[in-house]
S.K.: 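This is the structure, below, for whatever I ask next.
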Amino acid sequence: MVALPGLGSGLQPWCPLDLSPEWVDTVWELDFTETEPLDPSIEAEIIESGLNAFIKLYESVFPFATEEHGSTESIWAFFIENSISHRALVALFYHFVQTVHKKSVSVQYRQYGLHAAGLYFLLLEVPGSVANQVFHQVMFDKCIQILKKSWPQESNLNRKRKKEQPKNTEANPRGNRKRGKPPRKEDIEVDELEEQEDEESICFSARDLCQIRNAIFHLLKNFLRLLSKFSLKEKPQCIQNCIEVFVALTNFEPVLHEFHVTQARSLNQAKYIPELAYHGLYLLCSPIHGEGDKVIGCVFHQMLNVILMVEAGEGAHRAPLTVTSPVINSRNQAVQFIR
């Protein structure tokens with residue numbers, strides 16, 4: 001057995017003996033789109049210790065991604081000699097990422113999804129990931145999109161709204177003097193659907209939002225480390241998706257100090273998500289991800305909405321945003337970045 005410090009214990013929760021090879025093969029064969037749900041007992045085994053399973057595996061793999069372990073041992077050789085399938089690991093990461101994509105979930109599962117995406121990006125950093133075919137465009141794009149998907153929708157940031165009209169007909173007797181038409185079947189179905197959506201909506205506390213925000217920050221920071229060494233030159237759709245997400249994140253939160261994006265700037269100096277997003281846009285414009293002005297042109301095209309202070313989206317007609325201090329600050333940051 002190959003002895004790699006800490007790696008075995010980090011992998012332990014992620015290598016359940018009863019994980020179906022058929023399930024793993026199906027995930028890959030269907031290109032990370034739709035598949036059968038993961039066995040609940042396997043999911044329970046992984047999340048039994050909360051985020052510790054994700055964090056411990058990340059800490060175990062990190063030295064091999066950054067080549068700081070001081071050993072010539074290969075993590076891929078360790079996988080082979082211990083009958084550990086990296087395809088199974090990626091399929092498990094996909095399960096937690098896809099959970100956030102499919103439905104409204106709790107803050108814990110949003111964190112699981114963000115950490116799983118971070119583990120996938122980390123595995124791509126390990127030398128030999130290309131030869132072992134770890135990269136898959138759909139999985140890669142889902143891990144990028146989770147940076148936006150994991151943040152609660154505006155409707156979920158407030159408490160559930162109470163029904164405007166009471167269900168008890170006696171509460172408004174005058175409104176019942178005139179017999180109206182019976183409700184249509186379509187209207188009943190719409191009302192039932194809206195009630196189900198209200199029941200499924202989740203209220204997030206300030207602490208919940210802080211936890212999700214911090215997980216997004218750390219995932220984005222680690223993803224930028226990958227972008228500094230993993231070329232997307234032959235993957236134009238991935239570049240386009242990265243640009244779209246980065247531009248959206250430039251408005252994620254207000255930045256309380258002026259910052260300038262340069263190649264020499266350390267990521268450790270960044271304190272806000274928009275800072276990291278602009279650094280990501282800067283990295284995408286570097287020669288490692290493409291030649292000429294094509295990527296730069298795509299970045300500027302996406303930035304136009306921010307500069308013109310209009311709604312993001314496709315089409316020629318987009319409504320102007322209300323001119324507020326955050327909108328003006330975002331415009332000024334975009335202009336400074338382009339300069």
Side-chain angles (χ1 to χ4, degrees), residues 14 19-39 42-43 46 54 57-58 61 65 76 79 84-105 109-126 128-151 215-216 219-220 222-227 229-249 277 280-281 283-284 288-290 294-295 298 302 314:
W14 295 91
L19 181 62
S20 168
E22 291 76 19
W23 181 82
V24 174
D25 291 341
T26 301
V27 171
W28 282 83
E29 288 169 2
L30 294 181
D31 292 326
F32 298 91
T33 52
E34 291 292 337
T35 187
E36 292 295 322
L38 178 65
D39 188 328
I42 297 176
E43 178 182 299
I46 294 172
F54 296 84
L57 179 56
Y58 193 96
V61 177
W76 310 109
F79 286 167
I84 297 172
S85 168
H86 66 271
R87 287 168 59 91
L89 286 175
V90 174
L92 287 172
F93 300 157
Y94 160 77
H95 165 75
F96 290 100
V97 170
Q98 182 68 5
T99 298
V100 181
H101 277 264
K102 290 178 65 175
K103 58 185 178 181
S104 180
V105 292
Y109 272 91
R110 291 171 196 266
Q111 289 179 290
Y112 296 154
L114 288 162
H115 279 73
L119 284 167
Y120 179 66
F121 289 146
L122 184 65
L123 206 57
L124 285 174
E125 276 192 76
V126 177
S129 66
V130 175
N132 285 276
Q133 300 180 335
V134 176
F135 177 84
H136 189 287
Q137 181 173 319
V138 176
M139 178 62 176
F140 187 86
D141 288 342
K142 284 181 180 289
C143 291
I144 295 170
Q145 292 292 337
I146 201 176
L147 287 162
K148 291 197 308 181
K149 293 279 188 181
S150 57
W151 188 248
I216 293 173
L219 172 60
L220 181 55
N222 294 333
F223 177 55
L224 296 185
R225 190 182 64 242
L226 172 66
L227 278 187
K229 62 179 79 170
F230 187 84
S231 175
L232 298 178
K233 186 178 293 186
E234 305 299 328
K235 305 171 180 64
Q237 187 58 51
C238 292
I239 291 179
Q240 187 66 36
N241 290 335
C242 285
I243 294 173
E244 176 194 337
V245 171
F246 287 160
V247 171
L249 292 179
L281 292 171
L283 283 175
L284 290 175
I288 188 177
H289 298 297
K294 188 172 183 179
V295 175
C298 291
Q302 290 284 338
E314 299 295 332

S.K.: Which residues pass the side chain to side chain donor-acceptor pair (under 3.5 Å) test with E22, sequence neighbours left out?
M.R.: S20

S.K.: How many angstroms lie between CG in L224 and CG in L283, if you round to the nearest 0.5 Å?
M.R.: 6.0 Å

S.K.: Got a donor-acceptor contact below 3.5 angstrom from the W23 side chain to the E36 backbone?
M.R.: yes

S.K.: Just to verify, what does Q240 make a side chain to side chain contact (heavy atoms under 4.5 Å, CB included) with, not counting sequence neighbours?
M.R.: Q237, C298, Q302

S.K.: With sequence neighbours left out, write down each residue that passes salt bridge (Lys or Arg N to Asp or Glu O under 4.0 Å) with E43, or none if nothing qualifies.
M.R.: none

S.K.: Give, for atom NZ of K235 and atom CD of Q137, the distance between the pair rounded to the nearest 0.5 Å.
M.R.: 8.5 Å

S.K.: Is any side-chain heavy atom of F121 less than 4.5 Å from a side-chain heavy atom of F93?
M.R.: no

S.K.: As an exercise, state the distance from CD of Q111 to CD1 of I216, rounded to the nearest 0.5 Å.
M.R.: 10.5 Å

S.K.: Keeping to residues at least two apart or across chains, list the salt bridge (charged side-chain N to carboxylate O under 4.0 Å, His left out) pairs with something in residues 237-249.
M.R.: K148-E244

S.K.: Can you give each donor-acceptor pair under 3.5 Å made by side-chain atoms of residues 28-35, sequence neighbours left out, with the distance rounded to 0.1 Å?
M.R.:
| unit_1 | atom_1 | unit_2 | atom_2 | d |
| --- | --- | --- | --- | --- |
| W28 | NE1 | R87 | O | 3.0 |
| D31 | OD1 | H136 | NE2 | 3.1 |
| T33 | OG1 | L30 | O | 2.5 |

S.K.: Would you mind reporting whether L92 and L19 have side-chain heavy atoms less than 4.5 Å apart?
M.R.: yes

S.K.: Whether the side chain of Y120 engages the backbone of V134 through a donor-acceptor N/O pair (distance < 3.5 Å, no angle test) should be reported.
M.R.: yes

S.K.: Just wondering, do N241 and F140 contact through their side chains at under 4.5 Å, heavy atoms?
M.R.: no

S.K.: Got a second to check how far C238's SG is from F230's CZ, nearest 0.5 Å?
M.R.: 8.5 Å

S.K.: Mark yes or no for whether H289, through its side chain, and L227, through its backbone, hold a donor-acceptor pair below 3.5 Å.
M.R.: yes

S.K.: Who passes side chain to side chain contact (heavy atoms under 4.5 Å, CB included) against K233, sequence neighbours left out?
M.R.: S231, E291

S.K.: Nearest 0.5 Å, please: how far is CG in L114 from CG in N222?
M.R.: 11.5 Å

S.K.: Does H86 reach the main-chain N or O of F79 with its side chain, forming a donor-acceptor pair under 3.5 Å?
M.R.: no

S.K.: For H95, does its backbone N or O pair with a side-chain atom of T99 as donor and acceptor, under 3.5 Å?
M.R.: yes

S.K.: Would you say that F246 contacts L284 through its side chain, given a criterion of any heavy-atom pair below 4.5 Å between the two side chains?
M.R.: yes

S.K.: Shortest non-hydrogen contact from L119 to W14?
M.R.: CD1-CZ2, 4.0 Å

S.K.: Could you tell me whether the side chains of K142 and Q98 share a donor-acceptor contact shorter than 3.5 Å?
M.R.: yes

S.K.: How far apart are the closest heavy atoms of V97 and G113, and which atoms are they?
M.R.: CG2-O, 3.6 Å

S.K.: Evaluate the side-chain proximity of C143 to Y94: yes if any heavy-atom separation is below 4.5 Å, no if none is.
M.R.: no

S.K.: Does some side-chain heavy atom of C242 sit less than 4.5 Å from a side-chain heavy atom of F223?
M.R.: yes

S.K.: Side-chain contact test, heavy atoms from C-beta onward, threshold under 4.5 Å: evaluate it for L122 versus R225 and give yes or no.
M.R.: yes

S.K.: If you look at every heavy atom in L249 and A277, which pair is closest and at what distance?
M.R.: CB-CB, 3.8 Å

S.K.: Given side-chain contact (heavy atoms from CB on, under 4.5 Å), test I146 with L219 step by step and report yes or no.
M.R.: CA-CA 10 Å; I146 201 176; L219 172 60; 3.9 Å; yes

